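All values below come from the heavy atoms of this structure, side chains included, with hydrogens, waters and symmetry mates left out. These figures come from a predicted structure and were not determined experimentally.
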Amino acid sequence: MNTSEYNSNSLTPESTLLYFLRKLFETAAEYAVYIPEVGDVIILSKGQLVSIVERNCADSMIKTLPQLAERNVFKPINYDEIDSPERVTALYVRNTGSFTDSLETSLNPDQPLYPEWWNAPVPFAMSSRGTLRLNDMAIKMFGSGPEQLNANELPEKDEFMVRLENNDEAILIAFKKLSPGIFTIEDCTNNLTDVDDITWWAAVGLTWIKEIENQGGKWQRLDAPPEGKKTFRACEWQGQIQGYINIEMPPRKKNVTKKKEVKQVEQKLEPETKIEPERKSDDVIGHIGPQAMALLAAGQTRDDILL
């Protein structure tokens, strides 16, 4: 019987007994169990934990429970004294985090309760007691690498993907939920390039949309092309239209004042040109002396005139 419904890495041996008590009430578990790395498993009832907290031990850490038991602050419960332990829910705390399960688990805390079909020729993964475990087929396909994942950090979804770095190579594993805590796993490494492309273009699209918004534009996601609008675009991926986007930008404003200022500056930069008055021919002749007039006669030079 596997009744695991709660997994958390927020409750650890370094957590206080008061926090342990709060989580015990939140999960509606009847017993609190601490599994140390070395030593016996400590089992407490809810009433015992309340009594310990009230005896000025609220700030003591969970990992100090063995020492508190040695000082006779409380007496751990004997598993054999509990009727039908397989039907009693307990909140467990260990170095990998916390989880809820039947009290029967306290007898073999490191041995998960596998379903009967666990060794079927299908790759299975099971999230149990803060760790991820694989069946023989999964280990044959993926090795033991996926078991290094923290089960408490897996997404709480029926289907999700996990990227695992393995010897400088990325492996993409798809998880599909079969039952609480048990998944089928599939190698999707060949689709890793497509995932990277999708991520890249998604980032490009978000950046573009932010730029449009910064410029005062508006956008709208559409499932069908709008009627009478020329501002929409079809969004296509690998030859298939995924939808449409309509973008409307604000009209540009004409800055008349700025144009006038530019024109005035250009006029100031133009060099000033002085225009001389046009002289008439009579004025030119009036300024010529008698000697120069004689030079105009045909066949005469200046020496002839002086003679």
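- Trp208 and Trp237 fall into different hydrophobic clusters, where Ile, Leu, Val, Met, Phe, Trp and Tyr side chains are chained together by heavy-atom contacts under 4.5 Å.
- Gln215 pairs by the side-chain hydrogen bond (donor to acceptor under 3.5 Å, both in side chains) definition with Glu211, not counting sequence neighbours.
- Note: Ser45 OG to Ile82 CD1 = 9.0 Å, rounded to the nearest 0.5 Å.
- Glu236 contributes no side-chain N or O that, together with a main-chain N or O of Ala234, makes up a donor-acceptor pair within less than 3.5 Å.
- The shortest heavy-atom contact between Pro76 and Ile42 is CG-CD1, 4.3 Å.
- Residues Thr231 and Asn246 have side chains that bring a donor and an acceptor to within less than 3.5 angstrom of each other.
- Considering only residues two or more places apart in sequence or on other chains, Asn95 meets the side-chain hydrogen bond (donor to acceptor under 3.5 Å, both in side chains) condition with Glu37.
- Counting heavy-atom neighbours within 6.0 Å of Asn214 CG, excluding the residue itself, gives a total above 12.
- Criterion: ILVMFWY side-chain heavy atoms under 4.5 Å apart, direct or through other members. Under it, Met61 and Tyr34 are not part of a common hydrophobic cluster.
- Between atom OG of residue Ser84 and atom CD of residue Glu104 there is a gap of 10.5 Å, rounded to the nearest 0.5 Å.
- Other residues, nucleotides and ligands contribute more than 12 heavy atoms inside 6.0 Å of the CD atom of Gln67.
- Shown here is Trp201, whose CH2 atom has no more than 12 heavy atoms of other residues, nucleotides or ligands within 6.0 Å.
- If you check the side chains of Glu213 and Trp219, you find a donor sitting under 3.5 Å from an acceptor.
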**Q.** Pair Tyr19-Asp59, side chain to side chain contact (heavy atoms under 4.5 Å, CB included): steps then yes or no
**A.** CA-CA 9 Å; Tyr19 188 63; Asp59 294 331; over 6 Å; no
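- Side-chain contact between Phe183 and Phe124 is absent, with no heavy-atom pair separated by less than 4.5 Å.
- The heavy-atom pair separating Ala29 from Ala90 by the smallest distance is CB-C, 3.9 Å.
- Ile62 has its side chain out of reach of Thr12: every pair of non-hydrogen atoms, C-beta onward, lies at least 4.5 Å apart.
- Under a hydrophobic clustering in which Ile, Leu, Val, Met, Phe, Trp and Tyr are joined whenever their side-chain heavy atoms come within less than 4.5 Å, directly or via other members, Met249 and Ile209 fall into the same cluster.
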Q.
Determine whether Lys63 and Glu14 satisfy the following criterion, salt bridge (Lys or Arg N to Asp or Glu O under 4.0 Å), listing intermediate values before the conclusion.
A. CA-CA 6 Å; Lys63 65 182 182 181; Glu14 284 73 28; 3.8 Å; yes
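- Taking CD1 of Ile43 as the start and CD of Gln48 as the end, the distance is 10.0 Å to the nearest 0.5 Å.
- When every heavy atom of Ala138 is checked against every heavy atom of Ile185, the shortest pair comes out as CB-CD1, 3.7 Å.
- Cation-pi geometry between Lys46 and Tyr31 is not met: the NZ or CZ atom fails to fall both under 6.0 Å from the ring centre and inside 45° of the normal.
- When side chains are defined from C-beta on, Lys23 does not count as touching Val93, because their heavy atoms never get closer than 4.5 Å.
- A 4.5 Å side-chain heavy-atom check between Val33 and Val41 finds at least one atom pair inside the cut-off.
- Rounded to the nearest 0.5 angstrom, Asp158 CG and Lys177 NZ are separated by 5.5 Å.
- Annotation: side chain of Ile212 is in contact with side chain of Ile247 (closest heavy-atom distance under 4.5 Å).
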Q | side chain to side chain contact (heavy atoms under 4.5 Å, CB included) evaluation trace for Val122 with Trp117 | A | CA-CA 10 Å; Val122 178; Trp117 40 266; over 6 Å; no
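- Considering all non-hydrogen atoms of both residues, Arg94 and Phe99 come closest at CD-CE2, 3.9 Å.
- Under the 4.5 Å side-chain criterion, counting only non-hydrogen atoms from C-beta, Ser106 is in contact with Tyr92.
- With sequence neighbours left out, the side chain to side chain contact (heavy atoms under 4.5 Å, CB included) criterion links Ile139 to Leu134, Glu147.
- Cluster annotation: Ile198 is not connected to Leu206 through the hydrophobic network of ILVMFWY side chains, with a link wherever side-chain heavy atoms come within less than 4.5 Å.
- For the pair Pro250 and Gly216, the tightest heavy-atom approach, listed with the atom from each and the gap, is CD-O, 3.5 Å.
- For Asn78, the CG atom is densely surrounded, since the number of other residues' heavy atoms within 6.0 Å is greater than 12.
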Q) Would Asp223 and Tyr244 satisfy side chain to side chain contact (heavy atoms under 4.5 Å, CB included), going step by step from the backbone distance to the final call? A) CA-CA 6 Å; Asp223 295 329; Tyr244 302 84; over 6 Å; no
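- Leu164 is listed as a side-chain neighbour of Leu149, based on a closest heavy-atom distance under 4.5 Å.
- Put simply, NZ on Lys218 and CD on Gln220 are 10.5 Å apart, with the number rounded to the nearest 0.5 Å.
- Here the closest non-hydrogen pair linking Pro123 and Asn135 is CA-OD1, 3.7 Å.
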Q) After noting the C-alpha distance and the side-chain angles of Leu91 and Leu11, does the key distance pass the side chain to side chain contact (heavy atoms under 4.5 Å, CB included) rule? A) CA-CA 10 Å; Leu91 175 59; Leu11 184 61; 3.9 Å; yes
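- Here the straight-line distance linking atom CE of Met126 with atom OG of Ser179 works out to 9.5 Å at 0.5 Å rounding.
- A 4.5 Å side-chain heavy-atom check between Asn119 and Asp136 finds at least one atom pair inside the cut-off.
- Both Val50 and Ile52 are assigned to one and the same hydrophobic cluster, defined by single-linkage of ILVMFWY side chains at heavy-atom distances under 4.5 Å.
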